[in-house]
> 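This is the structure, below, for whatever I ask next.
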There are 2 protein chains.
Amino acid sequence: MSLQKSRTPAQPEHGADLGARKAAILEAVVSQYIGSAQPVGSSAVADAAGLSVSSATIRAEMAALEHDGFLVQPHTSAGRIPTDKGYRYFVDHLTQPTSGKSPEMVRVKRFFDDVHGGLEEVLERSSRLLTEMTSYASVVVAPGHTSSEIRSAQVVDLGGGHALVLVVLTDGTVEKTSIAVGDDATSDAIAHASQLVNDALTGARLNAPIAVPTSADPAVAAVLNHAGEAIGALATGAASEQVFVGGPSRLAGAFDAVETVRSVLSILEQQLVVVSLLRDVLDAGLSVAIGHEHGYEPLASCAVIVAPVVIDDEAVGAVGLLGPTRMQYPAAIAAARAVGSELSGRLGGRGGEGGAA
Amino acid sequence: MSLQKSRTPAQPEHGADLGARKAAILEAVVSQYIGSAQPVGSSAVADAAGLSVSSATIRAEMAALEHDGFLVQPHTSAGRIPTDKGYRYFVDHLTQPTSGKSPEMVRVKRFFDDVHGGLEEVLERSSRLLTEMTSYASVVVAPGHTSSEIRSAQVVDLGGGHALVLVVLTDGTVEKTSIAVGDDATSDAIAHASQLVNDALTGARLNAPIAVPTSADPAVAAVLNHAGEAIGALATGAASEQVFVGGPSRLAGAFDAVETVRSVLSILEQQLVVVSLLRDVLDAGLSVAIGHEHGYEPLASCAVIVAPVVIDDEAVGAVGLLGPTRMQYPAAIAAARAVGSELSGRLGGRGGEGGAA
DNA sequence: GTTGGCACTCACTACACTTGAGTGCCAAGT
DNA sequence: ACTTGGCACTCAAGTGTAGTGAGTGCCAAC
């Protein structure tokens with residue numbers, strides 16, 4: 001019943017609380033299973049692992065690993081498969097934390113050097129980059145604009161009794177809503193209102209209460225009234241994050257049960273769920289959540305890798321990867337971290353782009 | 001060897017060129033197969049169809065239908081399955097073209113009455129509506145802005161040597177790019193440039209060559225230069241359509257081969273391919289393309305339903321549904337048509353929204 | 001032209017049997 | 001106290017044989 005450090009007091013251990021040999025065996029099982037998706041038997045481990053012990057010894061160790069919850073057998077006469085706990089140990093202890101200049105880092109860096117364009121484009125292409133590098137589904141959650149400052153605000157006459165309210169933020173994004181102003185609003189009144197709105201709002205913050213000006217001219221006042229409502233709606237709307245999901249089709253190949261595929265895909269379609277999933281994982285202080293570790297039952301056979309997007313020491317967004325529990329953790333983690341940190345640099349450095357044309 | 005009208009010269013036919021009874025049998029097979037996904041046998045047809053003939057007669061007719069390419073047998077002792085040609089006949093002749101006020105029409109109309117918001121939101125929610133009504137994957141291709149007129153154009157200083165060029169179009173959409181203007185561009189110079197750009201561009205059309213003004217002031221001229229390039233890029237960018245894909249997870253359940261699911265999903269992720277698929281089908285004058293009828297091999301087991309979005313007698317966009325060949329054609333067609341036409345009305349009527357708050 | 005009857009085909013299931021991968025245990029060796 | 005080879009045991013997967021039943025095609029009779 002003793003789970004932790006026990007049973008291997010004399011071994012020269014450097015793995016952690018598992019004993020070097022058990023750790024090596026666990027690693028062999030996990031890597032082989034990740035590669036083949038087939039249960040791994042004792043002789044396969046004996047052949048592969050650097051240990052020079054017989055399969056019988058390995059069998060004994062594997063039995064212990066199973067007893068301790070790191071491995072399971074699908075049926076009596078089969079090899080072993082890692083449990084969530086087994087994968088967890090693998091990522092925590094058996095994976096060296098991205099030694100220096102990983103190839104992923106290099107590739108991501110080069111990619112970001114080449115990308116130009118607006119915020120949305122950068123985010124979307126980041127997500128595509130992630131799925132291409134890892135062949136898992138990727139998620140990029142963009143920071144909301146809670147703390148952004150308004151650079152410019154306008155009301156543009158669209159004709160036909162309608163106008164567009166648009167607000168430019170310091171990070172280079174534009175929020176807009178169209179409003180009905182009624183046929184009697186002259187374009188002069190709209191232009192006047194626009195001027196007032198711009199003067200009043202420039203420099204304000206979206207998350208602070210916003211004071212919309214009034215006017216003595218009733219026509220202008222009417223427009224201002226509509227615009228005020230619209231801006232209020234914009235402020236709440238802009239606070240919510242944008243989500244970019246990339247490469248869900250990659251998941252279809254990862255599972256063999258169609259039902260699993262369906263439920264996982266349908267989760268990915270619900271952006272709110274995805275966002276809170278990532279947030280939950282980050283809040284729990286994890287960068288990897290395996291199987292049941294995140295509470296989302298439909299994703300029980302998935303692992304989630306998350307890396308925060310950090311600006312000024314504050315996590316404002318996240319990038320994530322979603323794949324089967326038997327996923328290529330080292331590469332995937334490296335990729336997610338690299339993209340997360342590059343994105344942090346890019347977004348933190350400045351508005352969020354790199355020049356047109 | 002004679003395919004068309006023959007062999008049933010004496011029958012009171014109103015089906016078309018197949019004979020009323022064959023048509024009824026074909027219809028029974030198709031509907032039952034759509035429902036059950038199981039091959040349909042002669043006795044099942046005899047029970048279901050309104051015909052009062054024995055299964056032996058039905059067998060003979062079914063053999064003829066198979067000979068003519070409307071049905072196939074998966075193996076000798078199985079029932080029959082419709083071919084692409086069989087489905088085609090079903091949709092063309094055995095489906096009354098949306099008699100008046102279909103429930104789909106009603107639901108779509110009510111939906112559009114309730115939806116408010118900007119163009120993108122309307123499109124996205126349309127796509128969601130479609131997949132919810134039909135449980136197939138939906139595609140909404142929004143019109144490009146080729147013929148839209150510019151309502152307003154501005155350059156907004158973002159600070160840090162960057163600025164945002166934004167163009168508001170009559171349809172209420174906003175196109176934007178950020179540009180690097182260099183640290184020496186004063187906010188006065190940018191404001192001045194913005195004024196010039198707005199004066200020059202308001203009323204112009206994006207698809208016409210755009211003349212960007214110049215200025216004697218070198219600082220302003222530099223900004224104008226950058227803005228000019230950006231606007232050129234915007235014009236080409238804005239011409240391309242926006243694509244909204246909804247509910248791809250619905251496809252996972254529709255096929256049992258994982259490989260099919262994967263390839264179909266990956267097609268759906270390539271927006272360019274989706275757009276040309278819809279365009280091809282429309283150009284061929286079809287509203288339904290079944291199996292191999294569209295040339296896209298990976299979608300050979302899919303059917304595509306398309307309805308154009310028409311403004312001023314010109315097809316500027318499209319809505320589509322993608323499902324297995326054994327799909328609920330009547331309902332799906334009705335839904336696509338309804339959404340297509342409502343969308344046409346909405347977009348054609350005016351900028352593209354319905355008032356905020 | 002329709003129908004009931006009938007022989008035939010063939011996927012599917014069940015069952016028994018074999019095979020082989022893999023285990024757990026144990027007694028002997030270091 | 002570990003390690004190891006040996007051995008009995010388990011069980012999924014593959015193979016061969018029947019039996020079953022859905023469904024067909026054909027044909028003679030109506």
Side-chain angles (χ1 to χ4, degrees), chain A residues 6-13 18-26 28-29 32-33 36-68 70-83 86 256, chain B residues 6-13 18-26 28-29 32-33 36-68 70-83 86 256:
Chain A
S6 69
R7 160 174 337 215
T8 56
Q11 281 292 327
E13 28 175 305
L18 203 57
R21 197 171 63 188
K22 275 210 184 65
I25 292 174
L26 178 55
V29 172
Q32 287 190 41
Y33 184 72
S36 70
Q38 296 297 325
V40 182
S42 55
S43 59
V45 173
D47 290 351
L51 323 159
S52 41
V53 290
S54 79
S55 66
T57 311
I58 306 244
R59 272 201 291 283
E61 297 282 49
M62 285 171 79
L65 282 169
E66 174 163 17
H67 174 265
D68 289 352
F70 293 97
L71 298 176
V72 276
Q73 270 183 304
H75 57 263
T76 323
S77 71
R80 255 87 175 195
I81 285 180
T83 60
D256 30 37
Chain B
S6 70
R7 159 176 337 213
T8 54
Q11 282 292 327
E13 31 174 301
L18 202 57
R21 197 170 63 187
K22 275 209 186 66
I25 292 174
L26 178 56
V29 172
Q32 287 192 40
Y33 183 72
S36 69
Q38 297 297 326
V40 182
S42 56
S43 60
V45 174
D47 290 352
L51 323 158
S52 41
V53 289
S54 79
S55 66
T57 311
I58 306 247
R59 273 202 290 283
E61 297 283 49
M62 283 170 82
L65 282 169
E66 173 163 18
H67 174 264
D68 289 352
F70 293 97
L71 299 175
V72 277
Q73 269 182 304
H75 57 262
T76 323
S77 71
R80 256 91 174 189
I81 285 179
T83 60
D256 31 35

> Between dT3(D) atom P and I25(A) atom CD1, what is the distance in whole Å?
10 Å
> Roughly how many Å is it from CG in D47(A) to P in dA21(C), rounded to a whole number?
13 Å
> What residues, two or more places apart in sequence or in another chain, satisfy side chain to side chain donor-acceptor pair (under 3.5 Å) together with Q73(A)?
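Side chain to side chain donor-acceptor pair (under 3.5 Å) check on Q73(A) returns nothing, list empty.
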> Going by heavy atoms in the side chains, are V53(B) and E61(B) under 4.5 Å from each other?
no
> What are the two closest non-hydrogen atoms of G41(A) and M62(A), and how far apart are they?
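So the minimum-distance heavy-atom pair works out to C-CE, 4.4 Å.
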> Test of understanding: with side-chain contact (heavy atoms from CB on, under 4.5 Å), list the residues that count as partners of S54(B), not counting sequence neighbours.
A56(B), T57(B)
> By nearest nucleotide on DNA chain C, pick out whichever of P74(B) and S43(A) is the more 5' one.
P74(B)
> Rounded to whole angstroms, how far apart are CD on E61(A) and C1' on dC25(C)?
16 Å
> R80(A) CZ to dC11(D) P: how many Å, rounded?
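Going from CZ in R80(A) over to P in dC11(D) covers 14 Å.
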> Show the nearest heavy-atom pair for residues G86(A) and L26(A), with the distance to one decimal.
O-CD2, 4.1 Å
> Using atom CD of Q32(A) as one end and atom C1' of dG22(C) as the other, report the distance to the nearest whole Å.
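In whole Å, dG22(C) C1' lies 14 Å from Q32(A) CD.
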> Could you pull out all residues at least two apart from Q38(B) that satisfy side chain to side chain donor-acceptor pair (under 3.5 Å)?
none
> Scan nucleotides 3-10 of chain C against the protein and return all N/O pairs shorter than 3.5 Å with their distances rounded to 0.1 Å.
| residue | atom | partner | partner atom | Å |
| --- | --- | --- | --- | --- |
| dT3(C) | OP2 | S54(B) | N | 3.0 |
| dT3(C) | OP2 | T57(B) | OG1 | 2.8 |
| dG5(C) | O6 | R59(B) | NH2 | 3.3 |
| dC10(C) | OP1 | T76(B) | OG1 | 3.2 |
| dC10(C) | O4' | S77(B) | OG | 3.4 |
| dC10(C) | O2 | S77(B) | OG | 3.1 |

> How many whole angstroms separate atom CE of M62(B) from atom P of dC26(D)?
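The answer, rounded to whole Å, is 15 Å.
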> Can you check the I58(B) CD1 to dA22(D) C1' distance for me, whole Å?
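Interatomic distance, CD1 of I58(B) to C1' of dA22(D): 16 Å.
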> Rounded to the Å, how far apart are Q73(B) CD and dA11(C) P?
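In whole Å, dA11(C) P lies 11 Å from Q73(B) CD.
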